[in-house]
**Student:** 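Okay, handing you the structure first.
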Amino acid sequence: MPPAQSDELTRPEAATEASLTVVNWIDERAQLSQGLRWMMFRKVPKGINWAYTLGSATMFAFLNQAVTGVFLAMYYRPSVTGGAYESIRNINDNVFLGQFVHGMHKWGASVMIVLIFLHMGRVFFFGAYKYPRELSWIIGVVLLILTMAMGFTGYLLPFDQRSYWATIVGVNINGTAPFLGPYISDFLRGGPEFGATTLSRFYAIHMMLIPGLMAALIGLHLYLVMKLGISAPPWIKAQEPDVAIEKVEV
């Protein structure tokens, strides 16, 4: 009995030691700890507040959309002959926690759009888009456009009467743009009329094209934020004393 009790006591320690050995083995070859230290331990200016967390909140909203979208894609069928509409009904009525996940994805899209507008408003009014952060601002504008496009393409996927006619109106509005408008409308429709190709194209754009672009741009955006640092609030900059110039009498 005593040896068995001794083995039971040492099992957690052995598991901890084994996990640390695996982590050290990976870190020795991939050098991940240096990158994590560079990302996690950074100096921040004085005077920052909760408004500076809007960017992180937007990123977590995007992760929510990605995770819930994967679960919804497991049951969704992009078919115009009742498959799309019936699959959404099946998710909401029969799938375990389906209505909850669908609600998180549906309302999470609105939350993400609100958060990204608030985040960009904070950056604009705080003057954080100025040198040397112009590229971060440009990437943020592109991410805003992609977020709106992801919401537009996802609105058609339930393929009910409201989403169908609303998408027709949206595509027709895009078609009125000068020069590229008609080509954009033809590309979105996938032909002269709405049909199976339109739904499949919207599904592919919503599920693969836009999320892939957004993930790459978010990674580049975060890299620039970590490399350039966070700008101080404008009221802190205004309170900084000017450098005194000493006058020497000759």
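Numbers here are sequence positions counted from 1.
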**Student:** My understanding is that only residues two or more places apart in sequence, or in another chain, count here; which of them pass side chain to side chain donor-acceptor pair (under 3.5 Å) with Glu134?
**Tutor:** none

**Student:** Can you tell me if Asn24 and Thr21 form a side-chain donor-acceptor pair at under 3.5 Å?
**Tutor:** no

**Student:** Check residues 169-184 and write down every donor-acceptor pair under 3.5 Å in which the side-chain atom is one partner and the other belongs to a residue at least two apart or another chain.
**Tutor:**
{"unit_1": "Asn172", "atom_1": "ND2", "unit_2": "Ile168", "atom_2": "O", "d": "3.1"}
{"unit_1": "Asn174", "atom_1": "ND2", "unit_2": "Gly170", "atom_2": "O", "d": "3.3"}
{"unit_1": "Thr176", "atom_1": "OG1", "unit_2": "Ile173", "atom_2": "O", "d": "2.5"}

**Student:** List the atom of Tyr203, the atom of Ala73, and the distance in Å for their closest heavy-atom pair.
**Tutor:** OH-CB, 3.6 Å

**Student:** Using 30° and 60° as the class boundaries, would you call the ring planes of Phe152 and Phe202 parallel, tilted or perpendicular?
**Tutor:** tilted

**Student:** Can you list everything that forms a ring pair (Phe, Tyr, Trp, His ring centres under 6.0 Å) with Tyr155? Sequence neighbours excluded, please.
**Tutor:** none

**Student:** Just verifying a value: how many Å separate Gln99 CD and Ile88 CD1, rounded to the nearest 0.5 Å?
**Tutor:** 12.0 Å

**Student:** Before giving the answer on side-chain contact (heavy atoms from CB on, under 4.5 Å), spell out for Phe62 and Leu143 the whole-Å C-alpha distance, their side-chain angles and the decisive distance to 0.1 Å.
**Tutor:** CA-CA 11 Å; Phe62 172 76; Leu143 286 171; over 6 Å; no

**Student:** Parallel, tilted or perpendicular: which fits the ring planes of Phe124 and Tyr129, with parallel below 30° and perpendicular above 60°?
**Tutor:** parallel

**Student:** Can you confirm whether Arg133 sits close enough to Leu224 that some side-chain heavy atom of one is under 4.5 Å from a side-chain heavy atom of the other?
**Tutor:** no

**Student:** How long is the span from the NZ atom in Lys106 to the OG1 atom in Thr68, to the nearest 0.5 Å?
**Tutor:** 13.5 Å

**Student:** Taking atom CE as the centre, does Met148 end up with more than 12 heavy-atom neighbours from other residues, nucleotides or ligands that are less than 6.0 angstrom away?
**Tutor:** no

**Student:** Compare all side-chain heavy atoms of Leu222 with those of Met59 and state whether any distance is below 4.5 angstrom.
**Tutor:** yes

